[in-house]
Amino acid sequence: MPDSPASAPIASALIAWYRDHARDLPWRREEYLARYGAWGVLVSEFMLQQTPVNRVIPHLEAWLARWPDPLSLAAATPAEVLQQWANLGYPRRALWLHRAATAIRDEHAGVTPRDVPALLALPGIGDYTARAVAVFAFGDRHPVVDTNTRRVIARVVHGRAQPDPPSRRDLDDMLALLPDEPGDAAVVNAATMELGATVCTARRADCARCPLADLCAWRAAGFPDGEDRRRRQAKYEGSDRQARGGALRALRHAEGHRLPADAVLPDWPDAIQRDRAIDSLIADGLLEAADGELLLPR
DNA sequence: AAGCCGTGGGC
DNA sequence: TGCCCAAGGCT
């Protein structure tokens with residue numbers, strides 16, 4: 001039962017739509033949740049941070065087959081973890097996930113915590129991931145805010161093409177849509193994300209397939225453009241990020257062997273930038289230097 | 001708090 | 001073809 005009269009139709013429409021249109025994703029299956037529990041949800045959410053669903057799925061299954069619980073992951077080395085992370089991107093996430101497993105072992109008796117503050121205290125877990133675990137793994141009632149829910153709420157509720165920059169108000173906006181019953185609230189969270197991922201996307205709002213079309217403030221207002229506050233990503237070609245990515249890729253392909261520093265990015269045109277990238281990887285704990293050679297951290 | 005952090009696919 | 005985007009988090 002929705003707790004706010006204005007939001008009740010939105011929640012009801014989302015719940016009905018989700019029942020028929022939710023994608024069959026691994027972390028939504030009963031067997032998955034029964035087998036891996038909250039840890040499985042936590043791992044999936046780590047991988048889904050800025051990496052598309054379809055690229056995550058095969059990596060997630062391989063990862064959990066190798067490390068099905070926090071204790072097994074905590075027993076691995078960073079090198080093994082980075083190797084298994086492969087080309088998922090943002091390899092510091094792999095390190096954080098490993099450190100989170102260690103913290104769960106050492107501070108939570110090996111049991112994935114349920115409380116949002118305890119989840120927030122784990123490395124690599126912020127507002128989104130903490131609440132996603134609490135809601136999708138434990139069924140608790142919290143607002144789950146990600147790029148999809150922010151865009152959907154900007155359009156449906158506020159009548160704007162794009163969301164404002166992230167702020168604490170996003171949590172209140174999402175909370176205002178949630179029914180009182182925790183199970184229903186969890187579905188509304190998931191359905192809002194799903195709608196943003198598949199129907200009301202950044203590139204296009206497919207109103208013909210949208211269960212909220214008749215309730216949508218942006219559509220009612222005639223799809224005003226508004227002001228586009230999005231910040232452009234820095235150019236990747238020739239960036240430090242590209243250099244870091246290349247260096248780490250070389251070490252992954254070295255299959256556990258060490259490489260001389262000048263063999264890690266052999267054809268990189270800017271030696272200053274190359275050294276800066278390698279130094280920053282070492283500072284981040286993604287690389288280790290030993291006897292003038294480089295290797296994945298032990 | 002604005003910028004940084006990988007990687008690949010779609011338009 | 002380059003640019004935009006992706007279930008964010010950290011500093």
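Only a predicted model underlies this, so the values are computations on that prediction, with no experimental measurement involved. The sequence lines fix the lettering, A, B, ..., with proteins before strands; numbering per chain opens at 1.
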Within the 4.0 Å heavy-atom criterion, would you say [X] contacts the bases, only the backbone, or no part of the nucleic acid?
{"X": "E237(A)", "value": "nothing"}
{"X": "L88(A)", "value": "base"}
{"X": "L25(A)", "value": "base"}
{"X": "R23(A)", "value": "base"}
{"X": "W27(A)", "value": "base"}
{"X": "S239(A)", "value": "nothing"}
{"X": "P91(A)", "value": "sugar-phosphate"}
{"X": "R92(A)", "value": "sugar-phosphate"}
{"X": "N54(A)", "value": "nothing"}
{"X": "R99(A)", "value": "nothing"}
{"X": "R28(A)", "value": "base"}
{"X": "G126(A)", "value": "sugar-phosphate"}
{"X": "A202(A)", "value": "sugar-phosphate"}

Is a side-chain donor or acceptor of [X] paired with a backbone partner of [Y] at a separation under 3.5 angstrom?
{"X": "T192(A)", "Y": "T149(A)", "value": "no"}
{"X": "Y32(A)", "Y": "G40(A)", "value": "yes"}
{"X": "T201(A)", "Y": "T198(A)", "value": "no"}
{"X": "R241(A)", "Y": "Y236(A)", "value": "no"}

Establish whether the base of [N] is bridged to the side chain of [X] by a donor-acceptor pair shorter than 3.5 Å.
{"X": "R55(A)", "N": "dG8(B)", "result": "no"}
{"X": "T51(A)", "N": "dG8(B)", "result": "no"}
{"X": "Q50(A)", "N": "dC5(C)", "result": "no"}

Expressed as a whole number of angstroms, how long is the span from [X]:[atom1] to [N]:[atom2]?
{"X": "D127(A)", "N": "dG9(C)", "atom1": "CG", "atom2": "C1'", "answer": "10 Å"}
{"X": "L286(A)", "N": "dG9(C)", "atom1": "CG", "atom2": "P", "answer": "18 Å"}
{"X": "L171(A)", "N": "dG8(C)", "atom1": "CG", "atom2": "P", "answer": "14 Å"}
{"X": "H59(A)", "N": "dG6(B)", "atom1": "NE2", "atom2": "C1'", "answer": "12 Å"}
{"X": "Q49(A)", "N": "dC10(C)", "atom1": "CD", "atom2": "C1'", "answer": "11 Å"}
{"X": "R276(A)", "N": "dC5(B)", "atom1": "CZ", "atom2": "C1'", "answer": "14 Å"}
{"X": "Q233(A)", "N": "dG8(C)", "atom1": "CD", "atom2": "P", "answer": "12 Å"}
{"X": "D284(A)", "N": "dC10(C)", "atom1": "CG", "atom2": "C1'", "answer": "11 Å"}

Rounding to the closest angstrom, what is the interatomic distance between [N] and [M] at atom [atom1]?
{"N": "dA7(C)", "M": "dC4(B)", "atom1": "P", "result": "23 Å"}
{"N": "dG3(B)", "M": "dC4(C)", "atom1": "P", "result": "16 Å"}
{"N": "dA6(C)", "M": "dA1(B)", "atom1": "P", "result": "23 Å"}
{"N": "dG6(B)", "M": "dT11(C)", "atom1": "P", "result": "14 Å"}

* Can you figure out which of dA6(C), dC4(B), dG8(C) approaches the side chain of T129(A) most closely? => dG8(C)
* Is D279(A) salt-bridged to R276(A), cutoff N-O under 4.0 Å? -> no
* Angle class for the W67(A)/W63(A) ring planes (parallel below 30°, perpendicular above 60°, tilted otherwise)? -> perpendicular
Looking at [X], does any N or O in its side chain come under 4.0 Å of the phosphate oxygens OP1/OP2 on [N]?
{"X": "T147(A)", "N": "dC5(C)", "answer": "no"}
{"X": "R203(A)", "N": "dG10(B)", "answer": "no"}
{"X": "N87(A)", "N": "dT7(B)", "answer": "no"}

* Asked: Same cluster or not: are Y36(A) and L60(A) linked, directly or through other Ile, Leu, Val, Met, Phe, Trp or Tyr residues, by side-chain heavy atoms under 4.5 angstrom apart?
  -> yes
* To do: Select from N148(A) and W96(A) the residue whose nearest nucleotide in DNA chain C is closer to the 5' end of that strand.
  => N148(A)
